[in-house]
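Residue numbers start at 1 and run along the sequence shown.
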Amino acid sequence: MTTSGVEQAARILHVLHVEDSELDHQLILAQLGRAGLRVELERLDAFAAVLAALDRPWDAIISDFNLPGFSGLQVLEAVKARQLATPFILVSGEIGEDTAVAAMRNGASDYLLKNNLNRLAPALLHAIEAAENERARAAADHELVKSKQRLHELAGHLQTSVELERAAIAREIHDDVGGSLTALKFDLAWIDRHAQEPEVRQRVAAALETVSSAIDASQRIMHNLRPAILEQGLVAALQWMTARFERRTGIEASLRVGDERLALPPGVPLVAYRTAQEALTNVSKHSQASKVGIELSLDSGVLTLEICDNGKGIAAGDLAKERSFGIRGLHERAATVGGWVDLSSTPGHGTSLILTVPLAQDAIDALDDATDFGKDIGNSIWGRA
């Protein structure tokens, strides 16, 4: 007997016995007692009483097959209909093998013949242990689902917090650093206009160049922290990002958009923008690509953003690295708006990243003339001309 079997034998088992014969009831009770089990065996032989008893907790149910006005299979069906995980053992003197097999397929834990009850006690213990293990597994699965949900909620909260913090830093850079640099640039320009000595004017010109570079850098940082261009729509933001990426990296970049116009739900444009931003960053750092294409489309209420390149691709081992948080972050970010990310890559044949976001019907119906999906910007996505 296993450790779990010993524990089962040590406790009092509450078993419902569906049986019309008092003699058979006493035989089963005696058989379980001889096996060392402590059992409270309650006998019922009326179908209505059995149905009422199913509302109470039982460690197991032992049922005869042929009963007055109903059968053990009907009891089993009632157990299934209530979605009870209670072990069900069929014990009969008249059941055929085909019927027994059908009962097992229908959810019975075991079946025995009344003229051979030696296996009843171990069968009962095994069925109870299996049911408890299944309940424990189901509870663990439920806790795992809840844990994953909490992690998704935490990830969404962190994404929101990061964006709020980025927006706050961008405002501070704009208001404090940007304002101070602009004022300094005006002061240097005034000095340049009024200075007479060539050396002073040369120094002022160098300082103006430095300040201009600092202003450009602060604007670039602000755009990365909080893309103000998104206020002009996702297409305008992707157009700006694509052109800037091509100028900065020398990699040929193209943007293709569909023919639809719509006002995207809150949060979706920023998720799409950050996805494209992360993808292009990976292209410039790792892909060794010469071309990258971005395609934005809406079909049947589903927004799709695809970024593909013709680079060296990504090995499966790289995607499985424990600290490959970039792609995981994209998955979590997409989940905050009910979307998901698919990544496919073949070494030597480039990489494709697709963001998919199903949109609510009211967002699909709301048209916005300021957001234009009705044009191609640059060439069509490479390889699809």
Side-chain angles (χ1 to χ4, degrees), residues 1-22 24-95 99-114 116-145:
M1 187 178 294
T2 64
T3 301
S4 297
V6 172
E7 293 174 353
Q8 300 287 6
R11 81 179 205 222
I12 297 177
L13 301 177
H14 300 277
V15 179
L16 173 61
H17 190 197
V18 184
E19 174 61 68
D20 60 328
S21 170
E22 177 63 25
D24 288 343
H25 172 69
Q26 293 299 326
L27 287 173
I28 286 179
L29 187 59
Q31 181 67 36
L32 296 176
R34 281 196 297 271
L37 300 185
R38 302 169 63 194
V39 179
E40 286 187 358
L41 196 66
E42 180 175 339
R43 183 176 74 89
L44 295 175
D45 58 5
F47 191 54
V50 171
L51 294 181
L54 292 180
D55 293 332
R56 290 184 276 152
W58 299 98
D59 290 306
I61 299 172
I62 298 175
S63 177
D64 192 4
F65 180 70
N66 286 318
L67 295 131
F70 66 103
S71 72
L73 293 183
Q74 288 177 276
V75 178
L76 179 59
E77 286 293 335
V79 171
K80 286 182 59 181
R82 284 169 160 75
Q83 297 182 339
L84 301 176
T86 310
F88 186 95
I89 298 177
L90 202 58
V91 178
S92 177
E94 303 176 9
I95 188 171
T99 303
V101 171
M104 294 289 289
R105 289 177 178 172
N106 213 28
S109 303
D110 209 337
Y111 73 94
L112 298 91
L113 296 177
K114 287 185 177 181
N116 184 17
L117 295 177
N118 293 331
R119 200 168 58 85
L120 178 59
L124 179 62
L125 292 177
H126 176 75
I128 293 174
E129 182 178 352
E132 291 184 348
N133 289 340
E134 178 62 24
R135 283 193 289 269
R137 186 198 63 79
D141 289 346
H142 180 67
E143 285 301 317
L144 181 60
V145 170

Kindly say whether I89 contributes a backbone atom to a donor-acceptor pair with the side chain of S109 at under 3.5 angstrom? no

Judged by atom type as modelled, is there a donor-acceptor pair below 3.5 Å linking the side chain of R119 to the main-chain atoms of Y111? yes

Could you grab the distance from atom [atom1] of [X] to atom [atom2] of [Y], nearest 0.5 Å is fine?
{"X": "D20", "Y": "D24", "atom1": "CG", "atom2": "CG", "value": "8.0 Å"}
{"X": "L73", "Y": "F65", "atom1": "CG", "atom2": "CZ", "value": "4.5 Å"}
{"X": "L117", "Y": "I62", "atom1": "CG", "atom2": "CD1", "value": "9.0 Å"}
{"X": "I12", "Y": "L37", "atom1": "CD1", "atom2": "CG", "value": "12.0 Å"}

Would you say the side chain of [Y] lies within less than 4.5 Å of the side chain of [X], judging by non-hydrogen atoms?
{"X": "L13", "Y": "L32", "value": "no"}
{"X": "H17", "Y": "V91", "value": "no"}
{"X": "R11", "Y": "D59", "value": "yes"}
{"X": "L84", "Y": "W58", "value": "no"}
{"X": "D110", "Y": "L124", "value": "no"}

Go through D64 and V18 one step at a time and tell me if the side chain to side chain contact (heavy atoms under 4.5 Å, CB included) criterion holds. CA-CA 6 Å; D64 192 4; V18 184; over 6 Å; no

side-chain hydrogen bond (donor to acceptor under 3.5 Å, both in side chains) partners for Q83, two or more places apart: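 Once residues adjacent in sequence are excluded, Q83 has no partner under the side-chain hydrogen bond (donor to acceptor under 3.5 Å, both in side chains) criterion.
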
Enumerate donor-acceptor pairs with a distance under 3.5 Å from any side-chain N or O in residues 42-56 to protein atoms, sequence neighbours excluded.
from, atom 1, to, atom 2, distance (Å)
E42, OE1, R56, NH1, 3.2
E42, OE2, R56, NH2, 3.0
R43, NE, E22, OE1, 2.9
R43, NH1, E19, O, 2.9
R43, NH2, E22, OE1, 3.2

Looking at H126, I'd like to know if its NE2 atom is crowded, meaning that more than 12 non-hydrogen atoms belonging to other residues, nucleotides or ligands lie closer than 6.0 Å. no

Worked verdict on Q31 versus N118 for side chain to side chain contact (heavy atoms under 4.5 Å, CB included): CA-CA 8 Å; Q31 181 67 36; N118 293 331; 3.9 Å; yes

Salt bridge (Lys or Arg N to Asp or Glu O under 4.0 Å) partners for R137, two or more places apart: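 Expected list: E134, D141.
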
Scan L29, I28, L41, T86 and name whichever one has a side-chain contact (heavy atoms from CB on, under 4.5 Å) with V15.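 With V15 as partner, L29, I28, L41, T86 yield a single side-chain contact (heavy atoms from CB on, under 4.5 Å), made by L41.
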
Looking at A108 and L76, what are the two nearest heavy atoms and their distance?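 Nearest heavy atoms, A108 then L76: N-CD2, 3.9 Å.
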
Between L90 and G72 the two heavy atoms that sit nearest each other are CD1-CA, 4.2 Å

